Student: 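Mind having a look at this structure? Questions to follow.
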Protein chains: 2
Amino acid sequence: MDKSALVSELLELFRQHGYEGVSIGDVSKATGLGKSSLYHHFPGGKEEMALEVLGHIDMAVKQYFIAPLKAEGAPEAKLKAMAKTIEEFYEGGRKGCIVDGLTLGAASAPFQELIRNCLEAWIEAMAAVAKEHGVSEKLARERAENALIAIEGALVVSRALQNYQIFKRVTRNLPRLILD
Amino acid sequence: MDKSALVSELLELFRQHGYEGVSIGDVSKATGLGKSSLYHHFPGGKEEMALEVLGHIDMAVKQYFIAPLKAEGAPEAKLKAMAKTIEEFYEGGRKGCIVDGLTLGAASAPFQELIRNCLEAWIEAMAAVAKEHGVSEKLARERAENALIAIEGALVVSRALQNYQIFKRVTRNLPRLILD
DNA sequence: GTCTATACTAGGATAGAC
DNA sequence: GTCTATCCTAGTATAGAC
């Protein structure tokens, strides 16, 4: 298991249990590595693990969510592609959101700025597509925020109601939410 | 400090830190009571604390969110009143949501049914108001779900971006979201 | 780079005095 | 109903062998 696979496993743990819900012992079980091996890879302990996960997420958001929005193409098509990627990334809403897991509780302070920057960049990219489609500056920003709210909200509500049709419906409707 | 004040304090802790993020020691500090006193009030420990909090929340949702929607009055006015109550309850988005805090992680299993029932009742009540206003059955349900999604999502995003204007905007727009 | 062993702290829970 | 004292487990972290 190389570092990248390790970080993927950590992502799964944090998004499912939240920062405080994951212990080093849990990580050890999930990865098959002893505690000392984990501290070899992450001398800073759990906090460093979460920071590495956030770095990974930041790259993934830029590469998979934002870059396609900035490419050439019709606004509608680009947003549709993004919606599909989101549905896959969250496995139809079953996976939970790392933003949620890492902003809860007092331990979240070291992560806040990273998360904020990452989400701001994503909102900006969605707003740019709306503007490209003729939406005013102010309204574009508002709709992009609403899109993110819909995604995060749908993840929470789907999980709470154990009804994943809801997440599907919301992602499908994302292009309409931003353009109309 | 009587039981009701105790439960209110617990609510604050769980919504801010999540279930796994709250220790009995934290509760002891926050309430000024020793650990043994806490186990006197909640023999079932932390799980019982969370269950009592959920009972409290269930009543509050029924009384403050649902009952006004079922009373006589114009749909618009009733939803406006609900939005105002929500904004107060979450203190403009600064307070975080107990649903979020108690559905994260493996420890959440004992709470799931309670939470689902509570949210379902709330959704149904919002959908009924939409139908009263002439919206079709299917669309009314969808919009009510969207309203809940917007509330939960706005709480997560406001916290992540540390921008509470967003929560305010979303609550203000709730009546429009459900009726138009 | 991984392991075993170990130290230490924090967390959950109980006993028994007042 | 609250306290002090205590127990045990789980959690974080490190040392040192291989």
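Lettering of chains follows the sequences in order, A, B, ..., and the numbering in each one begins at 1. Everything numeric in this text was worked out from a predicted model, so none of it was measured.
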Student: On a heavy-atom basis, which atom in B/Leu155 and which in B/Gly93 lie closest, and how many Å separate them?
Tutor: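 Closest pair (atom of B/Leu155, atom of B/Gly93, distance): CD2-CA, 3.8 Å.
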Student: Measure CD1/A/Ile24 against P/D/dT9 and give the value in whole Å, please.
Tutor: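 The answer, rounded to whole Å, is 21 Å.
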Student: Out of C/dT2, D/dT12, C/dG12, which has the shortest distance to the side chain of A/Lys46?
Tutor: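 My answer, after comparing the listed nucleotides, is D/dT12.
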Student: Between A/Glu47 and B/His40, which is nearer to the 5' end of DNA chain D once each is assigned its nearest nucleotide?
Tutor: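 First, find each residue's nearest nucleotide; the 5'-ward one identifies B/His40.
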Student: Expressed as a whole number of angstroms, how long is the span from B/Phe42:CZ to C/dT14:P?
Tutor: 15 Å
Student: With a 3.5 Å cut-off and heavy atoms only, can you find an N or O donor on one side and an acceptor on the other between the side chain of B/Ser37 and the base of D/dC3?
Tutor: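 There is none.
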Student: Linking I/L/V/M/F/W/Y whenever any side-chain heavy atoms sit under 4.5 Å apart, do B/Val170 and A/Trp122 land together?
Tutor: yes
Student: Looking at the base of C/dA13, is there any donor atom on it, or on the side chain of B/Ser36, that sits under 3.5 Å from an acceptor on the other one?
Tutor: no
Student: If you draw a 6.0 Å radius around OH in A/Tyr164, do more than 12 non-hydrogen atoms from other residues or ligands fall strictly inside?
Tutor: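 Result for OH/A/Tyr164: enclosed.
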Student: Between B/His41 and D/dT2, does any side-chain N or O lie under 4.0 Å from OP1 or OP2?
Tutor: yes
Student: Is any NZ, NE, NH1 or NH2 atom of the basic residue among B/Glu142 and B/Lys138 found under 4.0 Å from an Asp or Glu carboxylate oxygen of the other?
Tutor: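 The answer is yes: the pair qualifies as a salt bridge.
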Student: Between P on C/dG12 and CD on A/Glu20, what's the gap in Å once rounded to a whole number?
Tutor: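 Taking CD of A/Glu20 and P of C/dG12, I get 11 Å after rounding.
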Student: Among C/dG12, D/dT2, D/dT12, find the nucleotide with the atom closest to the side chain of B/Lys35.
Tutor: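 From the listed options, C/dG12 comes nearest.
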Student: Specify the separation, in whole Å, of atom CG of A/Leu38 and atom P of D/dT14.
Tutor: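 About 13 Å, once rounded to whole Å.
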Student: Base, sugar-phosphate, or nothing: which does B/Gly44 touch, judged by heavy atoms less than 4.0 Å apart?
Tutor: nothing
Student: Which nucleotide in the set D/dT12, D/dA5, C/dG12 lies at the smallest distance from any side-chain heavy atom of A/Tyr39?
Tutor: D/dT12
